[in-house]
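These notes are about the structure you will find just below.
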Amino acid sequence: MNFSIVISFVFFTLLVAVISYFKTKKELTQTTTGLFFANRNNNFWVVGGALFLSNISANQFIGENESIFINNMSVISWGVSSVLAMLLVSEFMLPIYFKTGAMTIPDFLGQRYDSSTKRLVSILFLLSYLVNLLPSVLYGGAIAFNGLLDLFGFMQISYWAKIWITVWIIGIIGALYTILGGIRAISVSDSVLSFGLFIIGLAFPYFGFKYLGNGDWNEGLLIVLSNNDGRLNSIGSSEDEIPFGTIFTGMFIMNLYYWGMEQYIIQQALTAKSLSHSQKGMALACVGKLVSPFLINIPGILSIFLYTDLTNTAEVFPRVVNDTLPVILTGLTAAIVLGAAITTFNAGLTSSSTLFILTFYKPILKARRQIVTEPKLIQISKRFQIIVSLIAMFTAPFIFLAKTGFYTYLQQLAGMFSVPIFTIVLVAFLSKKASPIAAKTGIIFFIITYIFANYIFEIEMHYLHVLGILFLFTFSFIYFLSKSKGLDSNKIIFNPEKHHEPWKNRHKASIILLVLMVLVFLFFSPLGVA
């Protein structure tokens with residue numbers, strides 16, 4: 001354990017905490033709107049930083065760099081291609097959420113379908129957070145944190161025991177942060193950490209290539225460019241982990257769901273003071289996604305040339321950081337990784353309690369004609385967050401036993417929860433009549449067939465293509481059944497207000513961002529550096 005790195009890490013971690021404290025100490029978290037939506041008063045800088053850092057967790061640092069070491073740069077397709085989905089969400093979905101006043105995705109579906117559909121989707125969200133999001137964030141953070149600092153190296157314990165300890169440390173800190181600060185504190189921390197991430201992103205290529213070139217930066221860069229053997233190629237073949245064709249099938253569906261329907265992401269977008277600020281924030285997050293390959297994937301690229309054999313490939317990122325960066329920047333990296341893990345964990349916790357309180361607890365109190373007070377809702381919300389945190393901390397270490405790669409494991413499991421929700425929301429957008437029975441039946445149909453297709457039968461097809469095919473079947477089933485048994489769509493009430501005016505320059509910004517998206521793919525292709 002290097003004490004200089006630990007000191008640097010503690011300094012930067014406390015700096016983020018102090019900035020967040022002074023920026024949020026006057027904010028009200030005694031109401032559900034304050035706790036869950038930051039009183040809807042965030043500007044686009046805060047919204048953009050929060051969206052970007054809520055997405056960039058330790059899972060990306062660990063999983064993507066591991067995938068590059070094992071395979072190639074095709075894994076960046078997830079982030080780079082998401083720009084198109086984000087722009088579609090900004091143009092078509094955010095205006096609807098703002099105009100309907102929906103505070104959660106289940107709220108919107110409750111308006112469009114019925115209350116039982118709202119509850120079913122809320123349960124699906126909560127299961128997704130409990131089974132996938134929260135445990136994986138804690139596990140990824142623990143892997144990265146142990147590799148960077150090795151705080152428990154002096155203890156004669158197994159690697160898995162270290163993971164258990166670190167998971168609980170991250171989980172407890174994250175839970176306290178969420179319970180005490182609310183989503184405003186999360187948003188401010190994300191913005192500060194985004195700035196730190198850009199610093200690391202600028203420093204890493206210099207120090208990394210310099211280390212690879214034995215003190216000569218140009219030599220290190222030349223080694224990467226001339227001897228990469230196609231490993232810098234982001235255009236994945238059918239034999240790669242992420243075939244390029246999946247961008248247009250299951251990956252596009254999952255990206256559109258994630259940025260337009262994932263509760264903890266949409267909740268960040270809805271903290272904006274207006275639709276215009278929310279759309280600007282989404283565009284700012286798009287910029288972050290486009291530069292991500294240059295910010296978080298350089299370690300994976302360097303690992304191809306630095307290591308010929310690693311027994312635990314999940315340690316690619318922390319090992320490269322420790323070998324190449326100066327002490328102070330290693331400490332900053334550890335602070336960012338920990339912060340990214342905590343803020344994503346926080347966002348998931350906040351969204352979980354939001355869904356529980358607004359979808360289940362509050363309606364139950366009203367149905368029983370009991371008095372509903374804001375202090376009571378806040379108290380129950382915090383208790384629920386503690387329970388969810390404990391479940392996530394108990395289950396996270398068992399991801400170590402997953403047979404597939406960490407990143408593939410996450411995405412494959414996420415598809416089971418995300419696509420059925422995406423499907424019924426899409427039907428709600430496109431069809432003037434939407435049957436609640438068809439929506440609920442479609443959800444159950446998709447989950448059952450997805451489990452059989454991915455975990456029981458051995459289908460010789462990439463899971464993202466399977467996901468795309470199942471989506472088409474489920475969509476067709478719900479759509480045609482809804483046409484015969486529908487409910488009128490005028491149940492959705494739009495509220496025209498000043499702060500619902502869209503961003504005037506959004507179309508110009510979208511064109512620029514789409515061109516840059518194509519250029520990033522071309523850069524990491526046989527026409528570019530690969």
Exercise for review: Applying ring pair (Phe, Tyr, Trp, His ring centres under 6.0 Å), run through Phe523 and Phe294 and close with a yes or a no.
Suggested key: CA-CA 11 Å; Phe523 182 81; Phe294 308 96; 5.8 Å; yes

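- Contact between Met261 and Ile266 at its shortest, heavy atoms only, is N-CG1, 3.9 Å.
- Proximity of Leu88 to Phe252: side-chain heavy atoms (C-beta onward) are separated by under 4.5 Å at one or more points.
- Side-chain contact between Thr359 and Arg119 is present, with heavy atoms from C-beta onward closer than 4.5 Å.
- None of Val89, Asn255, Ile247 except one satisfies the side chain to side chain contact (heavy atoms under 4.5 Å, CB included) rule with Ser82; the exception is Asn255.
- Here the shortest heavy-atom pairing between Ala175 and Ser389 reads CB-OG, 3.5 Å.
- Remark: the backbone N or O of His277 is not paired with any side-chain donor or acceptor of Asn43 at under 3.5 angstrom.
- Contact annotation: the side chain of Leu365 never approaches that of Lys362 to less than 4.5 Å [non-hydrogen atoms, C-beta and beyond].
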**Study point:** From CA spacing to verdict: side chain to side chain contact (heavy atoms under 4.5 Å, CB included), Val419, Tyr257
**Key:** CA-CA 7 Å; Val419 176; Tyr257 160 82; over 6 Å; no

Review point. Going through the checks in order, is the side chain to side chain contact (heavy atoms under 4.5 Å, CB included) test met by Leu290 and Met517?
Key: CA-CA 6 Å; Leu290 290 174; Met517 180 187 75; 3.9 Å; yes

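- Separating the OG atom in Ser351 from the CG atom in Leu133 is a distance of 8.5 Å, to the nearest 0.5 Å.
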Practice item. Apply side chain to side chain contact (heavy atoms under 4.5 Å, CB included) to Ser381 and Tyr361, showing your working. Key: CA-CA 9 Å; Ser381 170; Tyr361 187 75; over 6 Å; no

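- By the neighbour-count criterion of 12 heavy atoms within 6.0 Å, atom CZ of Phe394 is sparsely surrounded, having that number or fewer from other residues, nucleotides or ligands.
- Residues Pro106 and Lys118 share a closest heavy-atom pair of O-CG, 3.1 Å.
- Proximity of a side-chain donor or acceptor of Ser90 to a complementary backbone N or O of Met86 within less than 3.5 Å is not detected.
- With contacts defined as side-chain heavy-atom distances shorter than 4.5 Å, the pair Ser276/Lys280 qualifies.
- Atom CZ of residue Phe360 and atom CD1 of residue Ile380 lie 15.5 Å apart, to the nearest 0.5 angstrom.
- A donor-acceptor contact shorter than 3.5 Å is absent between the side chain of Ser67 and the backbone of Gly63.
- The nearest pair of heavy atoms linking Ser77 to Ser234 is OG-O, 3.6 Å.
- The CZ atom of Phe446 sits 10.5 Å away from atom CD1 of Ile421, with the distance rounded to the nearest 0.5 Å.
- Residues Trp168 and Leu390 form a side-chain contact, since some pair of their non-hydrogen atoms from C-beta on lies under 4.5 Å apart.
- Here the side chains of Leu138 and Met393 are in contact, with some heavy-atom distance below 4.5 Å.
- Leu124 places none of its side-chain heavy atoms less than 4.5 Å from the side chain of Leu120.
- Across all non-hydrogen atoms, the minimal contact from Val321 to Thr330 is O-OG1, 3.8 Å.
- The shortest distance between side-chain heavy atoms of Pro135 and Ile399 falls below 4.5 Å.
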**Study point:** Phe244 and Phe521: CA distance, side-chain angles, deciding distance, ring pair (Phe, Tyr, Trp, His ring centres under 6.0 Å) verdict
**Key:** CA-CA 10 Å; Phe244 190 71; Phe521 275 118; 5.8 Å; yes

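- Within the model, atoms OG of Ser136 and CZ of Phe345 stand 10.5 Å from one another, a figure rounded to the nearest 0.5 Å.
- Using a 30° and 60° split on the angle between ring planes, Phe422 and Phe471 fall in the tilted class, from 30° to 60°.
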Review point. Yes or no on side chain to side chain contact (heavy atoms under 4.5 Å, CB included) for Met254 and Leu464, after CA distance, side-chain angles and deciding distance?
Key: CA-CA 9 Å; Met254 289 187 68; Leu464 285 172; 4.0 Å; yes

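- Between atom CG of residue Leu270 and atom CZ of residue Phe98 there is a gap of 5.5 Å, rounded to the nearest 0.5 Å.
- Taking both residues in full, the closest heavy atoms of Leu513 and Cys286 are given as CD1-CB, 3.8 Å, listed atom of the first, atom of the second, then distance.
- Ring geometry for Phe61 against Phe317 counts as tilted: the plane angle lies between 30° and 60°, on a 0 to 90° scale.
- Lys440 NZ to Ser435 OG: the interatomic distance, rounded to the nearest 0.5 Å, is 8.0 Å.
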